[in-house]
Each structure stands twice: as C-alpha cells, then as structure tokens.
Amino acid sequence: MITETLAWYADNIPLILTLAAIVIVAVEWLVLARLRRIEQHREGWVNIFCGAASFFPVFLLNIIIIMTVMFAFYEMRLFDLGLDWYVWILAYIAYDFMSFIVHLASHKVRLLWCMHSVHHSPKEMKASVSFRGSFADFLVTPHTTLWLPLLGFHPFMVILMEGVGLLYGIFLHFSDKWMPEYEPRWLRWFFITPSIHRLHHGNNDSYLDTNYGLMFTLWDRVFNTYQPRIPEVYPTYGLTKELDSANFRISQTDEFISLWRDVQNAPRWLDKLSYLFKPPGWSQHVL
C-alpha cells in the first residue's frame, strides 16, 4: 500500500512540480512588475525558454531510462533501509549532498561549466532564473538521484525528495528587490537562504566559486566554500565576461563555442583533454 502511494506521487511529481513552479514564478514576476522592480523582462522569457530546453530532455530520459536504472540499482542495494520516517530525512540529506557534488563539479570541470554557465548568465536575480538550464543538462542532472538507490533508498522516495529540493531551489532565486536581503543569522548558519545563494550568482571576485549548497550549509563549511555576505560588497549578477543574457542561442552555445575553439587550437591531445576536464580559465599558455 505504501509503495503504491509512493508510486502515485512519483508518477505525478513532474506535473505537480511543474504547475507549482509556474505559479510561484508567475506570482513573483507579477509582484515585481507591479512594483516596477523588474528590468530584464526579455531575459525572464529567455529563462523560461531555457527551462523548457533543459527540462524536456531530462523528463523524457527519466521516463525511458533513469527510473529503470534506479530500480536496477535498488535491486543491488547495499543496505535495506526501508521506509521509516527517519529514512526520509536521510534520503533528503543524501540527495542534498549529491546535489552539492554535482554542482561543485559543474563549476570545476569546464565541459560541465559549458552547461551550467547558462544558469549563471542572467544579470537580474528572480525566481525564473531557477528554470534556466542548458539543453545538455540531461547528461548531468540525473546524477543527483541516479546512484542513491544503491545505498538502499527506494527510487520513488528519491524522486519525491528531488521534488522538495527543486521547489526549494526556486525559493533560493527570489529577487532581492522584494525578498529581505538578510535573514536571521541562526537560519543562515544551518541553511542556504536566498541571500546566501545570491552570492553564489555574484560575479564579484569575493563571491566566485562559493556557496554551492542547495539547502544545507554543512557541505560548504566542510569543503571550505562557504562565503557570508561582505557588507561593502553588493553582488552583481551574470558571468565574468560580457554576454547577451537575453539571447537564447548565445546563452546556450557561447561557452561550447569557446571550448571548441580552445580544443581545436590546442597542439597536443593532453592539452585538448585538459581544456575539457580542467577548471574554466585553464590555458595551455598559463602553466
């Protein structure tokens, strides 16, 4: 009975999540427009189009392959964790950690950054930025959930926890033009909040490569990537280079084109591979 209920929710989570996300983003957009605190309307529409380009391949892959693989892994699980209440908490903690690892890798491996940079390109922070992703995200995002059934977490449980995480991610991107800039200190000690996540999107030197966490600050503190707000440094958003964030094609392809040029011009195979897998900014000319 419990697994049947989980199956129903897991089957309907994509629709429920999509509707909830659209409502949240639309409400914030209307509020900002009414307050005349939104500047990049066209960029917002590009956020939506990028969301569609990244969501549908993942959705189709999830139906065809990912769930099948997750159930296969569950049959090979290392532990029998069951469905007790505390296992749900452990499942979310495990999902949150995997989200941190995938996010960290997306900043540290240039090929992955080509995909993730789409999410960082907007110059204005608002909820629709949470939608903004790459057409190639289907190669990366499934890894936040794919391997968890090996530990003994039921695939349906993992999918539900992913839904919680994705909704929390929308909350993290709320605009600072209406959401308070600072939350209580105790809250920021334990949880990634909108004001902390906004710093992650900042292109200021002080905030680059920090605050990778989704919900908990624990992982950033352990890996020494946590960065609180510096009072005199207000975050400015977008990439460290100039890019037309209101252009769908440019946002989706610019980093891939730059990578392809570097790989083509590299004289040695080792350098070509280094451009693919070393951090963004690595160059054969700077050793």
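Below 30°, between 30° and 60°, or above 60°: for His197 and His119 the angle between ring planes is between 30° and 60°, a tilted geometry. Ring planes of Phe256 and Phe135: tilted class, angle from 30 to 60°. Note: His120 and His201 have parallel aromatic rings, judged against thresholds of 30 and 60 degrees for the angle between ring planes.
Of the candidates Phe153, Phe73, Tyr74, Trp147 forms a ring-ring contact (aromatic ring centres under 6.0 Å, His included) with just one, namely Phe73.
Each salt bridge (charged side-chain N to carboxylate O under 4.0 Å, His left out) pair with one or both residues in residues 108-122, not counting sequence neighbours, appears once here: Arg110-Asp262.
When atom types are taken as modelled, the side chain of His103 and the backbone of Tyr212 share a donor-acceptor pair closer than 3.5 angstrom. Within the 3.5 Å criterion, the main-chain N or O of Gly169 finds a donor-acceptor partner in the side chain of His173. Counting only distance, with no hydrogens or angles, the side chain of Arg198 and the backbone of Phe174 share a donor-acceptor pair below 3.5 Å. At least one donor-acceptor pair closer than 3.5 Å links the side chain of Asn204 to the backbone N or O of Thr236.
Between Ser283 and Tyr275 the shortest side-chain heavy-atom distance falls below 4.5 Å. Here the side chains of Ser251 and Leu243 are in contact, with some heavy-atom distance below 4.5 Å. The shortest distance between side-chain heavy atoms of His116 and Pro280 does not fall below 4.5 Å. Looking only at side-chain heavy atoms (C-beta outward), Pro122 and Arg132 come within less than 4.5 Å of each other. Residues Asp176 and Ser195 fail the side-chain proximity criterion, which asks for heavy atoms closer than 4.5 Å. Contact check for Thr141 versus Phe55: no side-chain heavy atoms found under the 4.5 Å cut-off. Within the 4.5 Å cutoff, side-chain heavy atoms of Phe191 are placed close to those of Phe216. Looking only at side-chain heavy atoms (C-beta outward), Pro149 and Arg77 stay at 4.5 Å or farther from each other.
A salt bridge links Glu255 with Lys241: the closest approach of a Lys/Arg side-chain nitrogen to an acidic carboxylate oxygen falls below 4.0 angstrom.
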- Would you please test Leu90 and Leu81 for side chain to side chain contact (heavy atoms under 4.5 Å, CB included) and show each step? CA-CA 10 Å; Leu90 291 175; Leu81 299 180; 5.7 Å; no
- side chain to side chain contact (heavy atoms under 4.5 Å, CB included) between Phe248 and Cys50, worked out: CA-CA 7 Å; Phe248 176 84; Cys50 287; 3.8 Å; yes
- Task: Go through the steps to decide whether Tyr95 and Met157 satisfy the test side chain to side chain contact (heavy atoms under 4.5 Å, CB included), and finish with yes or no.
- Result: CA-CA 10 Å; Tyr95 165 77; Met157 178 186 290; over 6 Å; no
- Task: Determine, step by step, whether Val164 and Leu160 satisfy the side chain to side chain contact (heavy atoms under 4.5 Å, CB included) criterion, reporting the C-alpha distance in whole Å, the side-chain angles of both residues, the deciding distance to 0.1 Å, and the verdict.
- Result: CA-CA 7 Å; Val164 173; Leu160 291 171; over 6 Å; no
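Ile250 contributes atom CD1, which lies 11.5 Å from atom CD of Gln252 (distance to the nearest 0.5 angstrom). Taking CH2 of Trp88 as the start and OH of Tyr92 as the end, the distance is 14.0 Å to the nearest 0.5 Å. To the nearest 0.5 angstrom, Leu273 atom CG is 11.0 Å from Arg268 atom CZ. If you take OG1 on Thr217 and CZ on Phe100, they are separated by 10.5 Å, rounding to the nearest 0.5 Å. In this structure, Met67 CE and Leu146 CG are separated by 11.0 Å, a value rounded to the nearest 0.5 Å. Separation of atoms CG (Leu172) and CG (Leu214) is listed at 6.0 Å; rounding is to 0.5 Å.
Less than 6.0 angstrom separates the ring centroid of Phe171 from the ring centroid of Tyr168. When ring centroids are compared, Phe156 and Phe71 come within the 6.0 Å threshold.
Taking hydrophobic clusters as Ile, Leu, Val, Met, Phe, Trp and Tyr residues chained together by side-chain heavy-atom distances below 4.5 Å, Leu139 does not share a cluster with Ile257. In the hydrophobic clustering of ILVMFWY residues, with side-chain heavy atoms under 4.5 Å counting as a link, Ile170 and Phe49 come out together. The hydrophobic cluster containing Leu259 does not contain Leu239, counting ILVMFWY residues as joined when their side-chain heavy atoms lie under 4.5 angstrom apart, directly or transitively. Hydrophobic clustering (side-chain heavy atoms under 4.5 Å, transitive across Ile, Leu, Val, Met, Phe, Trp, Tyr) keeps Trp260 apart from Trp282. Both Ile159 and Leu83 sit in one connected hydrophobic cluster of ILVMFWY residues. Membership requires side-chain heavy atoms under 4.5 Å apart, directly or through other members.
Here the closest non-hydrogen pair linking Met98 and Leu148 is CG-CD2, 3.7 Å. The two atoms that bring Trp186 and Phe190 nearest to each other are O-CD1, 3.2 Å, heavy atoms only. Between Leu199 and Asn211 the shortest heavy-atom distance is CB-ND2, 3.7 Å. Minimum heavy-atom separation, Tyr207 to Ile230: OH-N, 3.0 Å. Counting all heavy atoms, side chain and backbone alike, Glu43 lies closest to Lys126 at OE1-NZ, 3.6 Å. Taking all atoms of both residues into account, the shortest heavy-atom contact from Trp219 to Asp96 is NE1-OD2, 2.7 Å.
Side-chain atoms of Asp220 and Thr225 include a donor-acceptor pair closer than 3.5 Å.
For CG of Asn224, the number of neighbouring non-hydrogen atoms (other residues, nucleotides, ligands) closer than 6.0 Å is 12 at most. For Arg221, the CZ atom sits in a packed shell: over 12 heavy atoms of surrounding residues, nucleotides or ligands are nearer than 6.0 Å.
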